Structure formats: C-alpha cells, structure tokens
Amino acid sequence: MKIICIGRNYAEHAKEMNSPVPTEPVFFLKPDTALIKDNQPFYYPDFSKEIHHEVELVLKINKPGKNIAVKFANKYYDEIGIGIDFTARDIQAKIKEKGLPWEKAKAFDGSAPIGQFVNKTKLNEMNNINFHLNINGNQVQRGNTMDLLFSFDAVIAYVSQFVTLKTGDLIFTGTPEGVGEVKIGDRLEAFIEDEKLLSFEIK
Ligand code: MG
C-alpha cells in the first residue's frame, strides 16, 4: 500500500506557512514504513529538532482506480480516519530553500500515525466534518472540511490521473491551521466530531 498526502489544502494553513494558496492539488507520498497503528508511541527522531504535528482526515481507498471521474470518486472510499502528517519542519525549510524533494522532511519512519476508521455513513455530509487535535488535553488544531480547497472527490480524481489507486491506499487530505511543535512526553489525541479515534505519546 501507499500513503498519498495532499499539501496546502486549507488556505489558512498555506498562509501560516507563507506558501501560496495552490490552484491545483499538491501531493507527495510516504512509504508504508511511515505508518504507526494501534496508538503505538512516536519516537522523536535524532535528525530533527523541530517535529511539527499536522492533523488530517484520512481516506481509505476501497478498490483500484485510475483516471477516476469526480462524480464517481465517492465510490472509492467507505471509511474515514484521522492521522498526523508529522513533518520535520527544520529539514523542510532547508529543502524548500534548495527546491529539493520533500521526502526527508515528510516520509521518515513513524511520520504517519493513524487512528481507527469510521464508516462515512456515520458522519455528516463530506463537506461538513469537524475534526481536531488535542495535545495534553489542550486543543491545538481544529478543522472543518467545508474549508477544504479541494474536496475529497476532487483530490481522488486529481491524484488518480497520475497514480493508480489500490485497495488499502491511504490519502491524507491536508491540515488546517495551527501546526506546531511536539515534545517528548506529549500525548496527542485526535477526534472526528466528538469521537476520539487516535491517542498516542511522543517518546
Ligand atoms: Mg500535511
């Protein structure tokens, strides 16, 4: 399986990064070794001094697809989860300066913790889903899919032009504003609506 991540999909996050608001989706990949499941801890890596949290809704692809039309894209996922797109912001800053690929800052081991998934029939309309991240009990990021620049369906259609989607692939759909550093000892808890679906510690 592969992990596809959408960058800058909420305008307020693009602004806080001093990045332009994109006119078409930006995507990058993480390998399967990035995954953390079952609320296992994240071990702070030696190569960075500035690991940032980016809480994101995650789509689980349920069948293979290529060149998927927007109007059929909703048939390619049944379940939505929540995850963290961990980013080594200090490394990313250097990479961006030089125009180099983002993998060193984004695709490292453990950079994609994911929680439990819920069936989308249990949620509101796909364009009105609330989600948030708490650190040590304090809310640090909050989003609603009404603020997405590119909807779930638009993202699936766009990415599938370039990359064939397969069953079990995950799509991280972008983070709202409020990204920031994590520290060893922090407990991260992520929610869709009021349901806690992910809880883990930084070690
Ligand atoms: Mg992200």
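Indexing begins at 1, ligand by ligand and atom by atom, following the structure's order. All figures in this text were calculated on a predicted structure; none of them were measured in a lab.
For the Mg ion (ligand 1), the count of nearby protein N, O or S atoms, meaning those under 2.8 Å away, is 3.
The shortest non-hydrogen separation linking Ser48 to Asp90 is OG-OD1, 2.8 Å. Considering all non-hydrogen atoms of both residues, Thr145 and Ile129 come closest at OG1-N, 2.9 Å.
Using the six-membered ring where Trp is involved, Phe152 and Tyr77 have ring planes that are perpendicular, over 60° apart on the 30 and 60° scheme. Classification of the Phe27-Tyr158 ring pair by plane angle, with boundaries at 30° and 60°, yields perpendicular.
One N or O on the side chain of Glu193 and one on the backbone of Asn130 form a donor-acceptor pair closer than 3.5 Å.
Qualifying side chain to side chain donor-acceptor pair (under 3.5 Å) partners for His52, counting only residues two or more places apart in sequence or in other chains: Glu50, Arg89.
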